[in-house]
Amino acid sequence: MSATILSGSELAKEMRQEIEADVAEFVGQHSFTPTVAIVRAGEDPASVSYSNALEKSFGARGLGFQLHTLPDIASQQEIEELVSQLNANATIHGIMIQEPLPRGIDEAVIKDALSSDKDVDGVHPVNTGRLAQAAPTGRPAMVGPFFAPATPSGGMEILKRNSVNLQGKHAVVVGRSTIVGKPMALLLLRENATVSLCHSQTADLPGMCRTADVLCAAVGRANMIKGSWIKPGAFVIDFGVNFVEGVMVGDVDFEEAKEVAGMITPVPGGTGPMTNIMLMKNVIAAARRQTE
Ligand code: NDP
């Protein structure tokens, strides 16, 4: 069996048109442009290339983009002051703090300093808390509006747009970071999947993975999840971004896995392109929320 390849690049192409239409409608109604501010302290190469990519994609869709950089010797207070200036700036609707922050900076305090209404990558405790407390989709939410992190939201969008019914399915998420694995588990739970969240201390990880109808990998270890770990016909979402001899690969051994899985996202061209799309959607939603 050879899996259906779930192309995030193709889906992102489709969704870019939806975003352009949303931006045009928003600007027509409000006469200003939803704008994101990216905060970076230092010149981490992956962060630099990510903010360059964001600038290009936001600009191409007609969204506003500002990059605010500080040197890697920036103090906690300088970063917090920049965040509070951006919070108070009514022309900025979304703020994203790039990680890693310089050594010695307390990331939790910086996330706390963000306005939760502008926290378009869903890292502020109000947003993470509301995601954790939100009732399953379809029931009254029981919490105020919130933003979920862009990367897992992109994975969910791939599942949704490929009509994957999650109800009652066993979803296994490998990786429990606050930005990918944990929110992915909560998003799957909201869609009525039964969720197992695995990590480096999980006993018999291959055995756990083999029980997954939906397997999501957010580990950061090249090709770790083997074909023999995958239940035949499973849906596999690979968030991993790793480089082996200069070639980008995921956390899932794609060549093996595609012979067993029912559907699988490739790396590159899977979850990666969807992250920008979901961030843009959140910036438009933030601008609406602040305006309407
Ligand atoms: P983190 O390093 O923050 O978290 C990694 C998680 O994997 C941890 O929970 C860790 O467990 C777990 N883990 C590590 N080794 C093992 C192992 N041998 N077996 C089981 N679990 C293990 O990573 P992120 O969540 O930030 O990123 C994960 C991957 O996703 C990376 O490749 C990253 O580059 C990629 N990524 C992709 C994005 C995209 O747009 N597609 C965006 C953001 C990240 P423990 O908690 O026990 O330490």
Side-chain angles (χ1 to χ4, degrees), residues 8 12 15 19 22 34-40 47 50-51 53-54 57-58 63 65-66 68 79-80 83-84 86-87 92-101 106-137 141-160 166 171 173 175-191 193 195 197 216 218 220 237 239 241 271-290:
M15 290 186 69
I19 285 172
D22 271 3
T35 297
V36 74
I38 307 293
V39 174
R40 189 176 76 225
S47 298
Y50 185 42
S51 55
L54 284 177
S57 36
F58 272 69
L63 286 160
F65 177 94
Q66 293 183 10
H68 295 262
I79 303 175
E80 282 175 41
V83 169
S84 68
L86 296 170
N87 285 342
I92 303 286
H93 310 99
I95 306 170
M96 193 182 108
I97 314 284
Q98 286 203 289
E99 291 183 34
L101 286 166
D106 186 337
E107 290 183 2
V109 173
I110 304 290
K111 287 173 186 169
D112 233 3
L114 277 169
S115 149
S116 60
D117 288 335
K118 295 189 177 185
D119 167 35
V120 285
D121 207 17
V123 297
H124 186 277
V126 165
N127 286 313
T128 56
R130 287 182 180 169
L131 170 60
Q133 289 181 353
T137 303
M142 309 302 284
V143 293
F146 61 88
F147 294 110
T151 297
S153 298
M156 292 302 289
E157 197 71 20
I158 291 175
L159 290 168
K160 188 170 126 198
L166 294 165
V173 180
R176 58 176 163 181
S177 72
T178 52
I179 195 70
V180 195
K182 217 183 279 179
M184 187 64 187
L186 290 167
L187 290 168
L188 288 160
L189 189 63
R190 283 199 83 204
E191 300 305 322
V195 181
L197 184 51
C216 304
I237 302 289
F239 292 109
V241 177
T271 54
M274 289 301 293
T275 295
N276 288 3
I277 296 288
M278 301 315 284
L279 192 66
M280 288 192 259
K281 277 177 78 79
N282 281 354
V283 172
I284 299 167
R288 275 198 201 290
R289 205 194 285 174
Q290 286 155 47

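Residue numbers count from 1 along this sequence. As the structure is a computational prediction, the values presented were derived from the model and not from experiment. When reading the values below, keep in mind they use all heavy atoms of this one structure, side chains included, and skip hydrogens, waters and symmetry mates.
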### Message
Applying side-chain contact (heavy atoms from CB on, under 4.5 Å), can you list everything that pairs with A193, at least two apart in sequence or on another chain?
### Response
L166, A171, L188, V195
### For V241, all residues meeting side-chain contact (heavy atoms from CB on, under 4.5 Å), sequence neighbours excluded
F243, M248
### Distance, nearest 0.5 Å, that separates OG1 of T35 from CD1 of I92
6.0 Å
### Query
Does some side-chain heavy atom of L131 sit less than 4.5 Å from a side-chain heavy atom of L187?
yes
### Task
Nearest 0.5 Å please: distance from the NE2 atom of H93 over to the CG atom of L63.
10.5 Å
### With Q66 via side-chain hydrogen bond (donor to acceptor under 3.5 Å, both in side chains) - residues at least two apart
H68
### Task
Scan V120, N87, V283 and name whichever one has a side-chain contact (heavy atoms from CB on, under 4.5 Å) with I95.
N87
### Query
Do you know which two heavy atoms are closest between M96 and L54, and how far apart they sit?
CE-CD1, 4.3 Å
#### Entry: Minimum heavy-atom distance between V180 and A218, given as atom pair plus value
CG1-CB, 3.6 Å
### Task
State, to 0.1 Å, how close P125 and D112 come at their nearest heavy-atom pair, and which atoms those are.
CG-OD1, 3.2 Å
### Query
What residues, two or more places apart in sequence or in another chain, satisfy side-chain contact (heavy atoms from CB on, under 4.5 Å) together with A132?
L186
### Query
Knowing that exactly one of T128, I97, L114 qualifies, which makes a side-chain contact (heavy atoms from CB on, under 4.5 Å) with V123?
L114
### Query
So which pairs with a foot in residues 119-133 pass salt bridge (charged side-chain N to carboxylate O under 4.0 Å, His left out), sequence neighbours left out?
none
### Message
For N276, give me all partners under side-chain hydrogen bond (donor to acceptor under 3.5 Å, both in side chains), at least two apart in sequence or on another chain.
### Response
S57
### Query
Has the side chain of K118 got a donor or acceptor atom that lies under 3.5 Å from a matching backbone atom of A286?
no
### Query
Can you list every pair that meets side-chain hydrogen bond (donor to acceptor under 3.5 Å, both in side chains) and has a residue in residues 178-187, with sequence neighbours left out?
none
### Message
Checking S115 now: which residues fulfil side-chain hydrogen bond (donor to acceptor under 3.5 Å, both in side chains) with it, not counting sequence neighbours?
### Response
none
### Rounded distance [0.5 Å steps], CG in D22 versus CE in M15
9.0 Å
### Task
Grab the two heavy atoms, one from M184 and one from C216, that are nearest each other, plus how far apart they are.
CE-SG, 3.9 Å
### Non-neighbouring partners of E80 that pass salt bridge (Lys or Arg N to Asp or Glu O under 4.0 Å), sequence neighbours left out
none
### Task
For S51, enumerate each residue passing the side-chain contact (heavy atoms from CB on, under 4.5 Å) test, keeping only those at least two apart in sequence or located in another chain.
I38, R40, L67, Q98
#### Entry: Partner residues of R289 under the salt bridge (Lys or Arg N to Asp or Glu O under 4.0 Å) criterion, sequence neighbours left out
D117
### Message
Give me the atom names and distance for the closest heavy-atom approach of I277 to I19.
### Response
O-CD1, 3.6 Å
With a cut-off of 3.5 Å and sequence neighbours excluded, list every side-chain donor-acceptor pair involving residues 145-158.
{"residue": "T151", "atom": "OG1", "partner": "T275", "partner atom": "OG1", "Å": "3.2"}
{"residue": "S153", "atom": "OG", "partner": "P149", "partner atom": "O", "Å": "2.7"}
{"residue": "E157", "atom": "OE2", "partner": "R161", "partner atom": "NE", "Å": "2.8"}
{"residue": "E157", "atom": "OE2", "partner": "R161", "partner atom": "NH2", "Å": "3.1"}

### Task
Can you see which heavy atom on M142 is nearest to which on A135, and at what distance?
CG-CB, 4.3 Å
